[in-house]
Colleague: 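Before anything else, here's the structure in question.
Quantities reported herein were computed from a predicted structural model and do not represent experimental measurements.
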Amino acid sequence: QVQLVESGGGSVQAGGSLRLSCAASGYTFSRNCMGWFRQAPGKEREGVAAIYNGGGSTYSTYYADSVKGRFTISADNTKNTLFLQMNSLKPEDTGMYYCAAHFFFCARWTDSKEYSYWGQGTQVTVSS
């Protein structure tokens, strides 16, 4: 059974940083796609970033335009943990952040319907 557990959310001021973690069990990172999504109140869930491990230390990463240059997605296969380093945070980054996983490539990584497994979410609040 696949389980994803996020942590690391919190409240920060604009310009600050947070690092989210997602601990995965029952799931292998190798040759599978994992992503981070967020959802603000009254808005649809949107893809923030995704990562595909092609085996060994080969990774492909994908980012929404709104976070490019500020967020970095990474993974530690040895610990089965996914990370999202968020720098230069803005109030519009506020929302519930979810870790998600599915099998095979990140072909349509921004489509939440592609993902089979989801964590419970961790709240990120950025104040101006």
Side-chain angles (χ1 to χ4, degrees):
Q1 183 179 358
V2 177
Q3 284 191 316
L4 305 174
V5 180
E6 302 98 333
S7 60
S11 297
V12 295
Q13 290 192 326
S17 298
L18 284 173
R19 189 190 196 206
L20 305 184
S21 299
C22 172
S25 60
Y27 178 84
T28 179
F29 284 28
S30 181
R31 304 191 189 283
N32 287 319
C33 180
M34 293 198 73
W36 286 99
F37 283 74
R38 66 186 179 191
Q39 188 166 20
K43 294 188 176 182
E44 291 189 357
R45 191 170 295 190
E46 63 171 347
V48 175
I51 187 167
Y52 174 75
N53 178 210
S57 58
T58 303
Y59 293 92
S60 297
T61 56
Y62 310 86
Y63 295 95
D65 288 343
S66 59
V67 306
K68 278 181 183 176
R70 300 187 299 121
F71 291 11
T72 302
I73 188 170
S74 62
D76 184 338
N77 284 12
T78 64
K79 298 181 179 179
N80 254 26
T81 304
L82 180 72
F83 302 99
L84 185 67
Q85 178 66 45
M86 306 185 295
N87 299 328
S88 302
L89 282 161
K90 304 175 181 180
E92 51 263 44
D93 294 317
T94 294
M96 187 69 79
Y97 281 68
Y98 299 91
C99 166
H102 75 78
F103 296 109
F104 308 120
F105 304 108
C106 295
R108 291 183 292 274
W109 72 269
T110 59
D111 187 349
S112 61
K113 295 187 294 296
E114 290 288 304
Y115 295 81
S116 302
Y117 307 103
W118 292 84
Q120 82 288 349
T122 185
Q123 178 68 36
V124 171
T125 303
V126 184
S127 58
S128 57

Colleague: I'd like to know whether CZ of F105 has more than 12 heavy-atom contacts from other residues, nucleotides or ligands below 6.0 angstrom.
Modeller: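 Count not over threshold, so no.
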Colleague: For the side chain of E6 and the backbone of Q120, is there at least one donor-acceptor N/O pair under 3.5 Å apart?
Modeller: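 Confirmed, E6 side chain pairs with Q120 backbone.
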Colleague: Give a yes or no answer on whether the side chain of Q13 reaches the backbone of S127 with a donor-acceptor pair at less than 3.5 Å.
Modeller: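 Flag not set: sc Q13 to bb S127 has no pair under 3.5 Å.
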Colleague: Could you pull out the closest heavy-atom pair between C33 and Y52, with the gap in Å?
Modeller: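 Here C33 and Y52 meet closest at N-CD1, 4.2 Å.
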Colleague: If we only count heavy atoms from C-beta on, is the F71 to L89 side-chain gap below 4.5 Å?
Modeller: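 Yes, at least one pair of side-chain atoms sits under 4.5 Å.
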Colleague: Which pair of non-hydrogen atoms, one from T125 and one from Q123, has the smallest distance, and what is that distance?
Modeller: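 Of all heavy-atom pairs spanning T125 and Q123, the closest is OG1-NE2, 3.4 Å.
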Colleague: Would you mind listing every side chain to side chain donor-acceptor pair (under 3.5 Å) that reaches into residues 84-102, with sequence neighbours excluded?
Modeller: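 Qualifying pairs: S17-N87, R38-D93, R38-Y97, R70-D93, Q85-N87.
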Colleague: Give the cluster check for I51 versus V2: same hydrophobic cluster or not, with ILVMFWY residues linked at side-chain heavy-atom distances below 4.5 Å.
Modeller: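 Looking at the clustering, V2 is in the same group as I51.
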Colleague: Do M86 and V12 make a side-chain contact, defined as non-hydrogen atoms from C-beta onward lying under 4.5 Å apart?
Modeller: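 When only atoms from C-beta onward are counted, V12 and M86 do not touch, as no gap falls below 4.5 Å.
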Colleague: Output the distance between atom CZ (R45) and atom OG1 (T110), rounded to the nearest 0.5 Å.
Modeller: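 So the gap between those two atoms works out to 14.0 Å.
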Colleague: Please determine whether residues M34 and Y117 belong to a single hydrophobic cluster, defined as Ile, Leu, Val, Met, Phe, Trp and Tyr linked transitively by side-chain heavy-atom distances below 4.5 Å.
Modeller: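 Linked, M34 and Y117 end up in one cluster.
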Colleague: Is there side-chain contact between V124 and L20, with heavy atoms separated by less than 4.5 Å?
Modeller: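 When only atoms from C-beta onward are counted, L20 and V124 do touch, with a gap below 4.5 Å.
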Colleague: CZ of R19 to CG of L84: how many Å apart, nearest 0.5 Å?
Modeller: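 Rounded to the nearest 0.5 Å, the CZ-CG separation comes to 10.0 Å.
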Colleague: Within the 4.5 Å heavy-atom criterion, are W118 and C99 side-chain neighbours or not?
Modeller: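 Not in contact.
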Colleague: Quick one: which of T28, N32, N77 gives a side chain to side chain donor-acceptor pair (under 3.5 Å) with N53?
Modeller: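 So the option named by the test is N77.
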Colleague: Could you walk me through whether C22 and W36 pass the side chain to side chain contact (heavy atoms under 4.5 Å, CB included) test, one step at a time?
Modeller: CA-CA 9 Å; C22 172; W36 286 99; 3.8 Å; yes
Colleague: If we only count heavy atoms from C-beta on, is the Y63 to T72 side-chain gap below 4.5 Å?
Modeller: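 In contact.
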Colleague: Do I73 and L18 sit in the same hydrophobic cluster, where Ile, Leu, Val, Met, Phe, Trp and Tyr count as joined when their side-chain heavy atoms come under 4.5 Å apart?
Modeller: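 Cluster IDs for I73 and L18 match.
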Colleague: Locate the shortest heavy-atom distance separating A101 from Y115; write the atom from each residue and the value.
Modeller: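 Between these two residues, the closest heavy atoms are N-CD2, 3.6 Å.
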Colleague: So which heavy atom on A14 is nearest to which on S128, and how close?
Modeller: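 What the structure gives for the nearest pair is CB-CA, 4.3 Å.
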Colleague: Write down the atom of A49, the atom of W109, and the distance for their closest heavy-atom approach.
Modeller: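 Nearest heavy atoms, A49 then W109: N-CZ3, 3.3 Å.
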Colleague: Classify the angle between the aromatic ring planes of Y27 and F103 as parallel (below 30°), tilted (30 to 60°) or perpendicular (above 60°).
Modeller: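 The arrangement is tilted - the two ring planes meet at 30° to 60°.
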Colleague: To check you understand the geometry: which heavy-atom pair defines the closest contact between A23 and T81, and what is its length?
Modeller: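 Scanning both residues, the minimum pair turns out to be CA-OG1, 4.3 Å.
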